[in-house]
Amino acid sequence: GTVTNTVVRSGANRIHGAAYYVFQNTYLNANTSEKALTRSPRNNDQLSQTGFVLDGPVYIPKLYNGHDKTFFMVAFERYASHSAINYASRVPTQSERTGDFSDLCSSFNGSGLCTSGVQIYDPLSPIDSAGNRTTYFAGNVIPTSRLTAAGQSILSYYPLPNVPGASATGGNNYVATQTSYASTYPSIIVRLDQAIGSKNKLNVILFRSGLTQQGPHEGFPKEIGPGDCGVCFYHVYRNNRGGSLDDVHVFSSTMVLDSRLGVLFHPFGLVYPDNSGFDLSKIGMSSTGLPYASFPGINPSGYAQLPAAARGQVSTNMTGALEEVLTKTIKNHTLRFGFEGNLIRYNVQNPQSGYGALSFDSRFTQKNYQTGDAASGNAVAALLLGSFSSASYGITPAYALQQIYIAPFVQDDWRVTRKLTVNLGFRWDYESPFSERHNKQVAGFCTTCASPLQSAVPGLTLNGGLQYTSGSNRYPFP
């Protein structure tokens, strides 16, 4: 990994300052050929970086003069950008949303069977000895009585096509115009230095920053955006809060004690709309028996996807650090006695449980689902008929981890001659395993314990099950 050391300078007896502003604007950029094809405006691409720094002595007229003893430094910056996440895909047409897939075929015979193009077959059709479905939808029109409420509701989350002349059987028919990806990152840091007499110096550093990002909805009409666009429509925040306290005490010309305490708190969230408490009846689905309700992912083959809302992360990470270093000089020896300690706590509060993806392809509306062919079947038709090819539902528990690190040490920098210094020392590092507050970590597998599934099969003896950490052993190791 990478270790980065950041030094925050202190103020001095004179006031110093600087300010800056950097920008980039949409109207300085050319449009893309894809946008020009649909006569869409150029991408929104704006960037601004504003900041200042000011430092000097703390001076309050007629109340306090901090020259030579009290100093401050404050720095602020705000970085903001609006870039474009271009998106193009295939979405269901207005006719397809009503069950009319006649555009997939250019010629039908007198019985309504497609002779040139793609035919939609009935998933409930009888199957002959060759494995072929014998019932099809005449003219590729699915009767209204066969359209599921869930399928119709889900299709309302898609925008309508906007590419003139797009093929009815494949290729992109939609190019997004709402593509702005907003990102802001304000940060501020303050340092205060105080001399307490001639032998003690204290400094305090406080900082705060927060990155907020909002992905574009790409013109999708409701709260759910496209799932096949990497950073679209979800909301992200990455915050940092913290500070440090450093006290340096000079006992004598040969002995100095440096004491440091620091804390960093990092809330993080990657949040999708409708990730919990979603009313599944809005899309014609039941939540009976489901412990968590979230918007399901919709993956129709060949079309734009709608992402499963039960993902992302909401967490907090807190790191506390303590360091003590006593330096003693004895003739040509510089001795250091010290201690470092860290406490890390990482909590994931949002379990992100619920529906995964409902996948749809052409197999249930093809002539032969075993062999398949390009002349029959459609994923959106399967969606409207409620014939999904796979589905998933996940339950992911929340957890709260803790880790402790301690490291006492002693070091001797022995200056043997003017050209030779020997560094001697001893350091003991201990980094504990992670413990989980509610003992949810797996500690092993018991081959002789009764299985938790035993009650489901009373006529059979089942042994074996996972073992978890406990109050007597918090770590997942013996």
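Residue numbers run from 1 in the order of the sequence given. Because only heavy atoms are used, hydrogens play no part in the values below, and waters and symmetry mates are left out as well, while side chains stay in. Please read all numbers here as calculations on a predicted model, not as lab measurements.
Listed for the Thr319 side chain is no donor-acceptor partner under 3.5 Å among the backbone atoms of Leu264. Counting only distance, with no hydrogens or angles, the side chain of Asp429 and the backbone of Ala407 share no donor-acceptor pair below 3.5 Å. With hydrogens and angles ignored, the 3.5 Å screen pairs a side-chain donor or acceptor of Thr115 with a backbone N or O of Ser107. Thr179 places no side-chain N or O within donor-acceptor distance of the main-chain N or O of Ile85, the cut-off being under 3.5 Å. Listed for the Thr365 side chain is a donor-acceptor partner under 3.5 Å among the backbone atoms of Asn378. Between the side chain of Thr469 and the backbone N or O of Pro476, no donor-acceptor pair lies under 3.5 Å. Looking at Ser287, its side chain never comes within 3.5 Å of a backbone N or O of Leu290 through a donor-acceptor pair. Thr212 contributes no side-chain N or O that, together with a main-chain N or O of Thr184, makes up a donor-acceptor pair within less than 3.5 Å. No side-chain donor-acceptor contact under 3.5 Å links Gln467 to the backbone of Gly444. Between the side chain of Asp274 and the backbone N or O of Phe295 there is no donor-acceptor pair closer than 3.5 Å.
Proximity of Thr396 to Tyr292: side-chain heavy atoms (C-beta onward) are nowhere separated by under 4.5 Å. Two residues are said to be in side-chain contact when any heavy atoms from C-beta on lie closer than 4.5 Å; Asn172 and Val163 fail this criterion. Under the 4.5 Å side-chain criterion, counting only non-hydrogen atoms from C-beta, Ile189 is in contact with Ile205. Inter-residue side-chain proximity for Ile344 and Asn317 is flagged as met; some heavy-atom pair is nearer than 4.5 Å. The closest side-chain heavy-atom distance from Lys222 to Ser156 is below 4.5 Å. Looking only at side-chain heavy atoms (C-beta outward), Tyr399 and Gln441 stay at 4.5 Å or farther from each other. Looking at heavy atoms from C-beta onward, Asn347 lies in side-chain contact with Arg437 at the 4.5 angstrom threshold. When side chains are defined from C-beta on, Phe364 does not count as touching Ser125, because their heavy atoms never get closer than 4.5 Å.
Taking OG of Ser387 as the reference point, atom CZ of Phe360 lies at 8.5 Å (rounded to 0.5 Å). Atoms CG and CG, on Leu261 and Asp246 in that order, are 10.0 Å from each other to the nearest 0.5 Å. Ser83 OG to Tyr181 OH: the interatomic distance, rounded to the nearest 0.5 Å, is 7.0 Å. One distance of note links OG of Ser451 with CG of Leu453; it measures 4.0 Å at 0.5 Å rounding.
Listed by chain and residue number, nothing satisfies the salt bridge (Lys or Arg N to Asp or Glu O under 4.0 Å) test with Asp103 (two or more places apart in sequence, or in another chain). Asn86 is linked by a side chain to side chain donor-acceptor pair (under 3.5 Å) to Asn43, counting only residues two or more places apart in sequence or in another chain. Residues meeting the side-chain contact (heavy atoms from CB on, under 4.5 Å) test with Ala304, sequence neighbours left out: Tyr87, Ser89, Val91, Tyr158, Phe220, Asp228. Taking the salt bridge (Lys or Arg N to Asp or Glu O under 4.0 Å) definition, one finds that Asp55 meets it with Arg9, sequence neighbours left out. Applying the salt bridge (Lys or Arg N to Asp or Glu O under 4.0 Å) rule to Arg90 yields no partners; only residues at least two apart in sequence or on another chain are considered. By the salt bridge (Lys or Arg N to Asp or Glu O under 4.0 Å) test, Arg241 is found to be paired with no residue, residues two or more places apart in sequence or in another chain being considered. Judged as a side chain to side chain donor-acceptor pair (under 3.5 Å), and not counting sequence neighbours, Glu436 has no contacts.
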Stepwise salt bridge (charged side-chain N to carboxylate O under 4.0 Å, His left out) check, Glu340 with Arg427: CA-CA 10 Å; Glu340 289 184 23; Arg427 181 185 180 102; 3.3 Å; yes

Test side-chain contact (heavy atoms from CB on, under 4.5 Å) applied to Ser209 and Tyr185, step by step: CA-CA 7 Å; Ser209 63; Tyr185 186 60; 3.5 Å; yes

Leu385/Ile142 under side-chain contact (heavy atoms from CB on, under 4.5 Å): CA gap, chis, key distance, verdict: CA-CA 9 Å; Leu385 291 164; Ile142 302 173; 3.7 Å; yes

Candidate pair Gln403 and Glu431, rule side-chain contact (heavy atoms from CB on, under 4.5 Å), full reasoning: CA-CA 7 Å; Gln403 184 180 49; Glu431 187 175 45; 3.5 Å; yes

Verdict with supporting geometry, Val236 and Arg238, side-chain contact (heavy atoms from CB on, under 4.5 Å): CA-CA 7 Å; Val236 178; Arg238 308 169 190 263; 3.8 Å; yes

Enumerate donor-acceptor pairs with a distance under 3.5 Å from any side-chain N or O in residues 305-314 to protein atoms, sequence neighbours excluded.
{"residue": "Arg311", "atom": "NE", "partner": "Ala308", "partner atom": "O", "Å": "3.1"}
{"residue": "Gln313", "atom": "NE2", "partner": "Ser315", "partner atom": "OG", "Å": "2.9"}
{"residue": "Gln313", "atom": "NE2", "partner": "Tyr346", "partner atom": "OH", "Å": "2.8"}

Do any side-chain atoms of residues 278-285 form donor-acceptor pairs under 3.5 angstrom with protein atoms, and if so which ones, sequence neighbours left out?
{"residue": "Asp279", "atom": "OD1", "partner": "Ser281", "partner atom": "N", "Å": "3.1"}
{"residue": "Asp279", "atom": "OD1", "partner": "Ser281", "partner atom": "OG", "Å": "2.5"}
{"residue": "Asp279", "atom": "OD2", "partner": "Ser281", "partner atom": "OG", "Å": "3.0"}

Anything under 3.5 Å between a donor and an acceptor, one on a side chain of residues 265-272, the other on a protein residue two or more places apart or in another chain? List them.
{"residue": "His266", "atom": "ND1", "partner": "Asn239", "partner atom": "O", "Å": "2.7"}
{"residue": "His266", "atom": "ND1", "partner": "Asn240", "partner atom": "OD1", "Å": "3.2"}

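Screening residues 359-376 for salt bridge (Lys or Arg N to Asp or Glu O under 4.0 Å), with sequence neighbours left out, gives Asp361-Arg363. Residue pairs meeting the salt bridge (Lys or Arg N to Asp or Glu O under 4.0 Å) criterion with at least one partner in residues 120-148, sequence neighbours excluded, are Asp122-Arg146.
Under 3.5 Å, the side chains of Glu77 and Gln49 contain a donor-acceptor pair of N or O atoms. Between the side chains of Ser106 and Ser116, at least one donor N or O lies within less than 3.5 Å of an accepting N or O.
Few gaps surround OH on Tyr136; more than 12 heavy atoms of other groups in view lie less than 6.0 Å from it.
Relative ring orientation between Phe233 and His217 is described as perpendicular, the plane-to-plane angle rising above 60° on a 0-90° scale split at 30° and 60°. Using bins of under 30°, 30° to 60° and over 60° for the plane-to-plane angle, the ring pair Tyr237/His235 lands in the tilted bin.
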